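Residues: numbered from 1 along the sequence shown. Just so you know, these numbers come straight off a predicted model, no measurement behind them. First listed ligand is number 1; within each ligand, the first listed atom is number 1. Computed from heavy atoms alone, side chains included, the values below leave out hydrogens, waters and symmetry copies.
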Amino acid sequence: MSEAPALSVESVSHRFGARAALADVSLSVERGRFMALLGPNGAGKTTLFSVITRLYNNQEGRVAIFGHGLDREPSRALARLGVVFQARTLDTDLTVEQNLAYHASLHGIARRPARERIAALLDRVGLADRRVDKVRTLSGGQSRRIEIARSLIHRPSLLLLDEPTVGLDLESRADIVAIVRALVREEGLSVLWATHIFEEISPDDDAVVLHRGRIVARGTAGTIGQGAESLEDAFRRLVAEPGRKAA
Ligand SMILES: Nc1ncnc2c1ncn2[C@@H]1O[C@H](COP(=O)(O)OP(=O)(O)OP(=O)(O)O)[C@@H](O)[C@H]1O
């Protein structure tokens with residue numbers, strides 16, 4: 001039997017009252033791959049992440065993480081998952097280390113291994129020298145890097161990031177993309193990266209385009225962009241509203 005993918009989403013639908021936020025969405029993130037989840041505002045990206053992380057009960061369809069169904073083996077599934085949410089969630093009054101240590105203890109990691117793990121992760125994200133600084137003294141990009149470190153504390157194999165670079169300057173964005181790509185390359189991490197920033201995507205990344213809760217294109221970013229001037233151009237055509245010219 002072939003290995004289960006890192007993430008498998010099969011025919012997932014989700015409604016808010018009468019509004020269908022996700023309609024029959026299927027995708028899979030292969031092990032050790034970087035997949036871009038592209039979609040304009042309101043496409044359903046955050047809703048999909050909320051279903052995968054079990055913030056919302058899965059109304060229809062199936063989600064499995066490394067073959068562990070969220071319905072039948074939620075603890076095993078979620079143990080393999082790390083998440084960087086769109087909203088900032090660090091406690092700004094605590095130090096970098098305190099934020100990470102708190103999270104480690106939530107995962108049941110003992111103090112000494114937690115200290116070692118935190119040191120290694122701060123190194124990974126290039127912020128070892130900020131360990132004892134309060135989070136409020138960090139820049140937006142640095143806080144994001146700490147959130148990435150925090151999401152990795154329990155050694156997940158699949159990382160979800162919901163528009164992690166929004167609001168950051170070019171350099172900070174590039175730093176974050178480079179950190180995550182290095183994790184894929186060097187540690188075999190599997191990544192689902194929601195974005196609408198095209199510079200973050202490489203032609204050989206896997207990609208899906210979500211529009212109004214439905215997947216309207218899938219393949220490598222390069223193949224989705226084929227025939228158009230660029231991936232961005234292809235994307236704009238795919239998500240153009242009827243009656244409105246694509247910008
Ligand atoms: N809690 C909620 N109650 C009602 N409707 C919601 C709720 N959350 C999201 N929606 C609606 O569901 C649809 C998908 O929203 P979602 O936030 O998942 O999109 P998104 O792709 O993440 O957008 P953005 O890039 O703006 O975060 C939108 O039409 C949104 O208005």
field: Under 4.0 Å to a heavy atom of Thr47 - the qualifying atoms of ligand 1, by number
entry: 14 (C), 15 (O), 16 (P), 18 (O)
message: I'd like to check Ile176 versus Leu168 (side-chain heavy atoms, cut-off strictly below 4.5 Å). Are they in contact?
response: yes
- prompt: Backbone, side chain, both or neither: what part of Pro40 comes under 4.0 angstrom of ligand 1, heavy atoms only?
  reply: backbone
- request: Ignoring hydrogens and angles, tell me if any N or O in the side chain of Arg145 forms a donor-acceptor pair with the backbone of Arg124 under 3.5 Å.
  value: no
- request: May I ask whether His196 places a heavy atom under 4.0 Å from ligand 1?
  value: no
task: Tell me, yes or no, whether the heavy-atom count around Phe198 atom CZ, taken from other residues, nucleotides or ligands under 6.0 Å, exceeds 12.
output: yes
message: Out of Ala20, Ala21, Gly17, Ala194, who is nearest to atom 12 (O) of ligand 1 when you count heavy atoms only?
response: Ala21
- prompt: How about Arg88: does its CZ atom have over 12 heavy atoms from other parts shown lying under 6.0 Å from it?
  reply: yes
query: When rounded to the nearest 0.5 angstrom, what distance separates CZ in Arg131 from CD in Glu97?
result: 4.5 Å
- prompt: In the protein, what heavy atom is nearest to atom 26 (O) of ligand 1, and what distance, to one decimal place, separates them?
  reply: Asn41 OD1, 3.3 Å
field: Nearest-contact summary for atom 19 (O) of ligand 1 - protein heavy atom, Å
entry: Gly44 N, 3.1 Å
task: Could you tell me which atoms of ligand 1, counted from 1 in the order shown, lie closer than 4.0 angstrom to a heavy atom of Ala43?
output: 19 (O), 20 (P), 21 (O)
query: Crowded around Glu229 CD? As in, over 12 foreign heavy atoms under 6.0 Å?
result: no
message: Could you measure the distance from the OG atom of Ser190 to the CG atom of Leu81? Nearest 0.5 Å is fine.
response: 11.0 Å
Ligand 1 contacted by Ser50 (non-hydrogen, < 4.0 Å): no
- request: Within a distance under 4.0 Å of any heavy atom of Thr46, pick out the atoms of ligand 1 and give their elements.
  value: 17 (O), 18 (O), 20 (P), 22 (O), 27 (O)
message: Using modelled atom types and a 3.5 Å cut-off, is there a donor and acceptor pairing between side-chain atoms of Ser13 and backbone atoms of Asp24?
response: yes
- request: Report yes or no: does Gly42 have a heavy atom closer than 4.0 Å to ligand 1?
  value: yes
- request: With atom 21 (O) of ligand 1 as the reference point, say which of Gln86, Glu163, His211, Lys45 has the nearest heavy atom.
  value: Lys45
Residue-ligand contact Arg212/ligand 1, heavy atom below 4.0 Å: no
- prompt: Quick one: nearest non-hydrogen protein atom to atom 3 (N) of ligand 1, plus distance?
  reply: Phe16 CD2, 3.5 Å
message: Counting C-beta onward and ignoring hydrogens, is there a side-chain heavy-atom pair between Glu147 and Phe85 closer than 4.5 Å?
response: no
statement: closest protein heavy atom to atom 30 (C) of ligand 1 is Arg19 NH1, 4.3 Å
